[in-house]
Structure formats: structure tokens, C-alpha cells
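Some notes on the structure that comes next.
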Amino acid sequence: MWTTLTATRIKLVTATGLSHPRFNVRNVRTQPRDATPDINDQDIPNNPPGFGLATPRELVQYLNQFVIGQENAKKVLSVAVFNHYNRVRANLGYSDPNEYDSIHESDVDESVSIAQLSPLRKKLPPLSFRSRERPVLFEKSNVLVLGPTGSGKTLLARTLAKVLDVPFSISDATSFTQANVGEDVDMAIQRLVQAANFDPVRASTGIVYIDEVDKIARRSSSGTEGSRDVGGEGVQQSLLRMMEGSVVTVQAKGGVSAEIPPPSTSDPHSRGGQRATQAASKPDVYHIDTSNVLFILSGAFVGLDKIIKQRVAKGSIGFTANLASDTTLPFFTSNRKTPHNPLDLVETGDLVKYGFIPEFISRLPSITTLAPLTIPDLRRILTEVKGSLVSQYTALFGYSGVEIRFTSGALDEICKKAFERGGGARGLRGIMETLLLDPMYEVPGSDIFHVLITIDTVKGTAPPGYWKRGQAVKFWEAWATEEGNYSKGKP
Ligand SMILES: Nc1ncnc2c1ncn2[C@@H]1O[C@H](COP(=O)(O)OP(=O)(O)OP(=O)(O)O)[C@@H](O)[C@H]1O
């Protein structure tokens, strides 16, 4: 039986050992704000035999294909995700140690739930596989990601969810309110259930990403007593309960049958939502136990750097330095080529000072920061990552049978513009759209076969170059001339 079972599993496991097309969640992304890079199954690295869950190192290697820089964040998130899903596996394995043996080939069909064939469980036996002993309980390790807008926070979380093939939902903390205005924090779980295609078991092991969490900081906290921002604190209280693990009731879309009783919250190993699927195929509501949901919270935390600098200045030189000028702080004036990112030095006390209640911060033991993107980073994002903007637009023109090329100068100029505008890599798409509006309007249905975007096109001082069929040589000559001039002009 073991041989049959192993053969079945091998058939089901894709190259990662983490997912199978049957459980593909590609079609259930919620709130896509930016195009997610196209991640194909063949892009996913092979796991060493006998190891089901990709190692943190493999996860980082995978992220490297899509995310430029942010090395520390990649490491922290990969380790957090790896530990989290090991914890989930241990918890789920404990609750029914015999279930692992009870999967038969006949179980392998579209209706088998992820609880039985979870990619997180099927290659590695649950930790308590042969034992009914209660395994060591791992504490939940949710993650806080700090970093400027457009630096890759969402991209990192979304790419990890994709490679793990777990449901992923994005919510904005600014929309959460304690009162009846705006959304309830439970909406984050509602979205996760949607992302799991209304499979509550899948949803209960998904990833919830909450952006702009800095906006729920108590605004009047920095030293001013007496005027507390109760709304922000209330949202923090609600979120912390959810992050720690509670049962959230969410509405099912088009549900018809009776409400299913919630699972026991006292059992940390209970599988949120599973009873709902067993008891009725279309319940009106789902009860999702969030104990096994990974929460990744993020925000730009504007102003936090000042709090950190103030603390460091006090600690290092014994008094509060004048923060009007960073140069008064010896710590921040080393000769390193890469400037210090003060956010790298964040401590929980700084976040409390910023306006978070200590109980909230203590539910986020993993903290990582993303650095602002540099012009070379933007250049790599524009051209090198899988599904880069340049490759997307090249393919788009290719569909009309047209070749488009960007000179090196043009690409550098685009990145310079994006950098000057701020907004990280997010600005690149806007610049490309404006730049390519004319060609995208002119080319379809015309006799144009080649388009050249030069540095002057990006600067707005010259139109794009157009060539017709049979003029490929002229097109390449123009490209080569500009490349030559540009490289000569470079220092
Ligand atoms: N480091 C990066 N590597 C590759 N692409 C990136 C990187 N950072 C940002 N991008 C691209 O920029 C766009 C915005 O990125 P993302 O949504 O991850 O930003 P963010 O840090 O979450 O910003 P915000 O705080 O505003 O939500 C995406 O299209 C993403 O592909």
C-alpha cells in the first residue's frame, strides 16, 4: 500500500513538492494592484528528494528571480514561512496521526481536500506521525515588513504565497475601523476565503497580507498624554486577536444551507473550517480558525526613522542630538557606500513610541525592513526580473508583429525619472505607459515594423523612431549609433 501511495503522491507533487495544479490558486488572487510576475510551474525549483517543503534557501533562490535586492527581507520572510508551515504541519499532524496512512489512490480526485493531500504534508510525515504524543507547540510567528512604497513588500509576500500554493489575500489597514464606518478586520479573512475559492480548510492555512499598517498607529502617542487615538488602538486590538488565533465567521458567497457550529477554539490543533465542508457542501457562513494563518503586516512607517535615530543618538552619545541634521550623529556618518537605513535598527520600543500597543507588536516577532530602491535596482527591475516591464512591452508589440527596442540610454533615463519621482518601482509602469502611448496608438494597423525608443524619446525631445518592413538594417544602424554614442559619453 505504501508503494501505491508513494507513487500517487509523486504523481501529484509538482516540481516543488509544494503544489499541484489541482490546487492551483492562480485564479483566486484578490485585489491585484500590480501585475504579478508570471510564475510558471517550470520556474519552480526542484526540491531535494524526500524533502517536501522548500528550504528557506530555496525560497530565497526562487524569490531572486522576481524580486531585486531586499536580501534581508527575503531571508526573514523565507525563514518565517518555512517555520510557519512546519508548525502548521506539526499541528495538523497531531490532530489525527492516523490520517496520513488513510490516503488511498482512490482518494485522489478533484474533491479531495487540501487537508488530506496538502502539499505541506504529503511528502514529509507529520512530526507526530507514529505517535500520539503532543508535539512541541510552536508559537505563531507573524511578520512585520517595514519599507518605502513600491520597494517590493507586497511582491515578496505574494510571490511566496504563489510558490507555496497557499491562498493569499491583501487588505488595507486604513480601511479597517472599529466603528461601523469602513470595513471590519474580519474582511481580511473573508478575502482569504475568497482567495481559497471558498474552501475553508485551504483558507485556514493561507497568508493574510495587511498593508499600510502604520496608519493604525495611535497618532497622538509620541509623548503626548491625554489624547489617545482610540480608533487606531481598537483596530490593533481586533487585529492582534485575529493574528494570535481566533475563530472568524465569514459569509459564504451564495451559501444556502444552515450555519455550521464553529470549531473548538480551545484546541490549538483544530482545523479551522474543516467541519463546515464535511457537514454541508454550501454553508451560509464559514468559521475560520486563524491559528494557522500567517499574517504579514507591512507599512512605510514614515517618521519611524526619526524615533530610531533619536534613540540611537541618546544611547551612543548620551544626549538627544539635534535631529535637524543627520550629520550630527556619528552613527549615521560612516564612509560606507550604502547609506544606513535607520529602519534596520528598529526595536519594539520604537514601534511602541510610534503608536503601537506592546501587545500588538509582541504578536509580530519577525520584523524586517526593505531598503529604498536605487537607480541600478530599478534598471534590473525594468529589464532583468522574470516578467519585467521591458519583456512585457516587447511581447505586446510582438503580438502585432512589431519589434520594439530600447537603447541603454533610454532605459537608464526611464529609471532616473522613476527614481526622481519617488514611489519606488511602482513609477516605472506609469513612465512606460506614457512613453509608449504614441507607438501603441500608431503601430497597430500601420506598416511600421520596427520601433526604437532612445534617450531623447524618454526626455521628450524626440519622437520614437519608426521603420517599415525591409528597413531592418536602418533600424539596427540607428540603434547601434545611439548605443555607441551613449557608451562613449559615459564616465
Ligand atoms: N524589489 C523589487 N523587485 C522587483 N520588482 C519590484 C520590487 N519592488 C517593487 N517592484 C515592482 O513594483 C511594483 C510595486 O511593488 P509592491 O506592490 O511590492 O510595493 P510595496 O512595497 O508593497 O508598496 P506599497 O507599500 O505602496 O504597497 C510591483 O509591480 C513590483 O513588481
Side-chain angles (χ1 to χ4, degrees), residues 29-39 43 59-78 81 143-163 168-176 188 191 207-217 295-305 338 341 343-344 354 367-393 396 411 414-415 417-433:
R29 264 174 276 136
T30 52
Q31 295 191 326
R33 291 193 309 178
D34 294 291
T36 305
D38 192 19
I39 300 169
D43 298 333
L59 290 174
V60 168
Q61 280 166 3
Y62 183 72
L63 288 172
N64 283 342
Q65 298 175 66
F66 304 96
V67 186
I68 297 296
Q70 318 302 11
E71 306 308 337
N72 184 259
K74 282 176 187 162
K75 222 174 182 177
V76 170
L77 279 167
S78 297
V81 156
V143 190
L144 178 63
V145 184
L146 320 175
T149 184
S151 58
K153 301 186 292 296
T154 314
L155 179 66
L156 278 169
R158 186 185 280 157
T159 310
L160 278 173
K162 200 147 194 168
V163 69
F168 178 68
S169 78
I170 302 178
S171 299
D172 230 294
T174 39
S175 62
F176 296 151
R191 291 195 182 100
I207 296 178
V208 165
Y209 180 84
I210 301 177
D211 200 5
E212 308 241 30
V213 79
D214 47 334
K215 304 298 186 308
I216 58 163
F295 286 84
I296 301 177
L297 273 51
S298 80
F301 287 81
V302 175
L304 182 62
D305 55 334
T338 318
N341 182 1
L343 294 186
D344 286 342
Y354 191 79
I367 302 180
T368 184
T369 55
L370 272 73
L373 295 168
T374 60
I375 295 178
D377 289 336
L378 292 172
R379 179 70 146 81
R380 293 186 62 202
I381 291 168
L382 187 63
T383 57
E384 283 180 29
V385 288
K386 281 207 168 171
S388 69
L389 282 175
V390 165
S391 70
Q392 286 179 37
Y393 283 104
L396 197 65
L411 293 170
I414 292 168
C415 297
K417 266 193 171 181
F419 184 80
E420 281 161 6
R421 275 187 195 183
R426 204 182 286 287
L428 289 172
R429 182 174 284 277
I431 293 171
M432 290 290 271
E433 280 292 318

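Note that ligands are numbered from 1 as they come in the structure, with each ligand's atoms numbered from 1 the same way. Hydrogens, waters and symmetry mates play no part in the numbers below; they use all other heavy atoms, side chains included.
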May I have the step-by-step check of side-chain contact (heavy atoms from CB on, under 4.5 Å) for Asp172 and Lys215, ending in yes or no?
CA-CA 9 Å; Asp172 230 294; Lys215 304 298 186 308; over 6 Å; no

Side chain to side chain, Leu370 and Val145, heavy atoms closer than 4.5 Å:
yes

Taking side chain as C-beta onward, heavy atoms only, is Gln70 less than 4.5 Å from Asp377?
no

Short N/O distance, under 3.5 Å, between [X] and ligand 1?
{"X": "Leu155", "value": "yes"}
{"X": "Gln70", "value": "no"}
{"X": "Gly152", "value": "yes"}
{"X": "Gly150", "value": "yes"}

Apply side-chain contact (heavy atoms from CB on, under 4.5 Å) to residues Val385 and Ser388 and explain how you reach the verdict.
CA-CA 5 Å; Val385 288; Ser388 69; 3.9 Å; yes

Compare Gly299, Ser151, Ala157, Gly69 and give the one whose heavy atom is closest to atom 8 (N) of ligand 1.
Ser151

Mind checking side chain to side chain donor-acceptor pair (under 3.5 Å) for Lys74 and listing every partner two or more places apart, or none if nothing turns up?
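Expected list: Asn64.
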
Region of Ile68 engaging ligand 1 - heavy atom pairs below 4.0 Å
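Under 4.0 Å from ligand 1, Ile68 contributes backbone and side-chain atoms.
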
Counting each atom of ligand 1 from 1 as listed, which ones have a heavy atom of [X] under 4.0 Å away?
{"X": "Asp211", "value": "24 (P), 25 (O), 27 (O)"}
{"X": "Lys153", "value": "18 (O), 20 (P), 21 (O), 22 (O), 23 (O), 24 (P), 25 (O)"}
{"X": "Leu373", "value": "1 (N), 8 (N)"}
{"X": "Phe66", "value": "3 (N), 4 (C)"}
{"X": "Val67", "value": "1 (N), 2 (C), 3 (N), 4 (C)"}

Is the shortest distance from a heavy atom of [X] to ligand 1 less than 4.0 Å?
{"X": "Leu156", "value": "no"}
{"X": "Pro148", "value": "yes"}
{"X": "Gly147", "value": "no"}

Out of curiosity, Leu156 CG to Thr368 OG1, how far, rounded to the nearest 0.5 Å?
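Result: 8.5 Å between the selected atoms.
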
How far apart are the closest heavy atoms of Asp211 and Thr154, and which atoms are they?
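Smallest interatomic distance, heavy atoms only, reads OD2-OG1, 4.4 Å.
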
Taking every non-hydrogen atom, the tightest pair across Pro372 and Pro148
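In this case the closest contact between Pro372 and Pro148 is CA-CG, 3.7 Å.
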
With Phe301 via ring pair (Phe, Tyr, Trp, His ring centres under 6.0 Å) - residues at least two apart:
Tyr354, Phe356

